[in-house]
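Report on one structure; see the data block that follows.
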Amino acid sequence: MPAFTPPPLPSDDKRWKIVNGTMRKNGFARYALIETLHTVQSAFGYLDDDSIRFVARSLRVPLSQAYGVVTFYHYFSLKPPGKHTMTICTGTACYIKGTDKLVAAAEKRLAIPQGQTTADGKISLMTARCVGACGRAPVVLTDGELVGQMTGEQMLEQLERWAVE
Ligand code: FES
């Protein structure tokens, strides 16, 4: 049987690399379905048709099964997140460089817990477990753009800019 070649990433948004990393770590095995959907949810804040299709195709599970999982667990959301997304890496390297404090500061500024979107729909606050740029810790993704050596001040400035748009 020819070796399986996973489909290309849907776009060059860095968050797909995180999703792909979860699947690769599991050898693109079907049992990685829930964990992978979890990664999509935590990186993007929700799952849309494209992301569900991409995961299903990559893991070779029927689309109906992937949708079945997404609709069964309340944790998963099919609703689009805010206009902007701040994804803070909480992997080990970033954590020891203080991203827990970034998460706390963002939660305070936005008055929402991580994983949620502000009531005005402007900003979603997400976390990810290692985005593969540990050498640049602490790392955040602002709308999928990787920013290394992020300070609390810079992050709050970015949130401010988005909030007044
Ligand atoms: S732990 Fe943050 S990039 Fe690896």
Side-chain angles (χ1 to χ4, degrees), residues 5-48 50-52 54-55 57-59 69-70 73 75-77 79-118 122-163:
T5 314
L9 305 186
S11 74
D12 56 10
D13 186 319
K14 295 280 186 295
R15 289 172 288 187
W16 290 118
K17 288 206 172 143
I18 310 174
V19 174
N20 214 42
T22 299
M23 296 194 286
R24 191 171 334 109
K25 182 185 82 186
N26 288 290
F28 290 91
R30 291 174 179 209
Y31 63 70
L33 179 62
I34 293 183
E35 186 183 345
T36 307
L37 293 173
H38 230 276
T39 306
V40 176
Q41 170 79 39
S42 83
F44 289 90
Y46 77 120
L47 298 110
D48 64 6
D50 286 347
S51 59
I52 296 169
F54 170 65
V55 171
R57 215 152 19 98
S58 302
L59 300 178
V69 168
V70 173
Y73 293 101
Y75 168 78
F76 294 120
S77 165
K79 222 171 40 155
K83 192 165 161 227
H84 296 290
T85 308
M86 179 70 76
T87 311
I88 302 175
C89 178
T90 54
T92 310
C94 288
Y95 185 85
I96 57 179
K97 293 265 185 169
T99 46
D100 55 330
K101 293 189 192 71
L102 293 182
V103 173
E107 285 180 332
K108 188 162 169 232
R109 166 63 186 84
L110 300 172
I112 49 166
Q114 55 174 288
Q116 303 274 315
T117 299
T118 52
K122 277 191 180 163
I123 305 172
S124 297
L125 177 60
M126 301 295 151
T127 55
R129 277 178 256 159
C130 189
V131 300
C134 307
R136 298 173 63 190
V139 170
V140 306
L141 302 176
T142 58
D143 283 338
E145 278 294 314
L146 195 145
V147 185
Q149 281 94 35
M150 180 62 119
T151 65
E153 213 167 83
Q154 274 174 304
M155 184 198 67
L156 290 172
E157 275 169 20
Q158 180 64 69
L159 293 176
E160 245 14 272
R161 279 196 292 276
W162 284 343

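In what follows, every heavy atom counts, from backbone to side chain, and hydrogens, waters and symmetry copies are set aside. Ligands are counted one by one from 1 in listed order, and the atoms in each one are counted from 1 as well.
- Of the possible polar contacts, none joining the S51 side chain to the L47 backbone as a donor-acceptor pair under 3.5 Å is found.
- Put simply, the side chain of T99 gets close to the backbone of C94: a donor and an acceptor are under 3.5 Å apart.
- Residue-ligand proximity, A133 to ligand 1, at heavy-atom distances under 4.0 Å covers atoms 3 (S).
- C94 lies close to atom 2 (Fe) of ligand 1, since one of its N, O or S atoms is found at a distance under 2.8 Å.
- Numbered from 1 in the order shown, with element, the atoms of ligand 1 that lie under 4.0 Å from a heavy atom of G91 read 1 (S).
- Atoms of ligand 1 found under 4.0 Å from any heavy atom of A93, numbered from 1 in the order shown, are 1 (S).
- Of the possible donor and acceptor atoms, none in the side chain of S42 sits under 3.5 Å from a partner among the backbone N and O of A128.
- Side chain of T118 to main chain of L110: no donor-acceptor pair is present (N/O by atom type, distance under 3.5 Å, no hydrogens or angles).
- Atoms of ligand 1 lying under 4.0 Å from at least one heavy atom of C89, given by number and element, are 1 (S), 2 (Fe), 3 (S).
- Within the structure, ligand 1 lacks A137 among the residues with a heavy atom less than 4.0 angstrom away.
- Scanning the protein heavy atoms around atom 4 (Fe) of ligand 1, the nearest turns out to be C134 SG, 2.4 Å.
- Of all the heavy atoms in P7 and R57, the pair that sits closest is CB-NH1, 3.4 Å.
- For the pair L33 and V69, the tightest heavy-atom approach, listed with the atom from each and the gap, is CD2-CG2, 3.8 Å.
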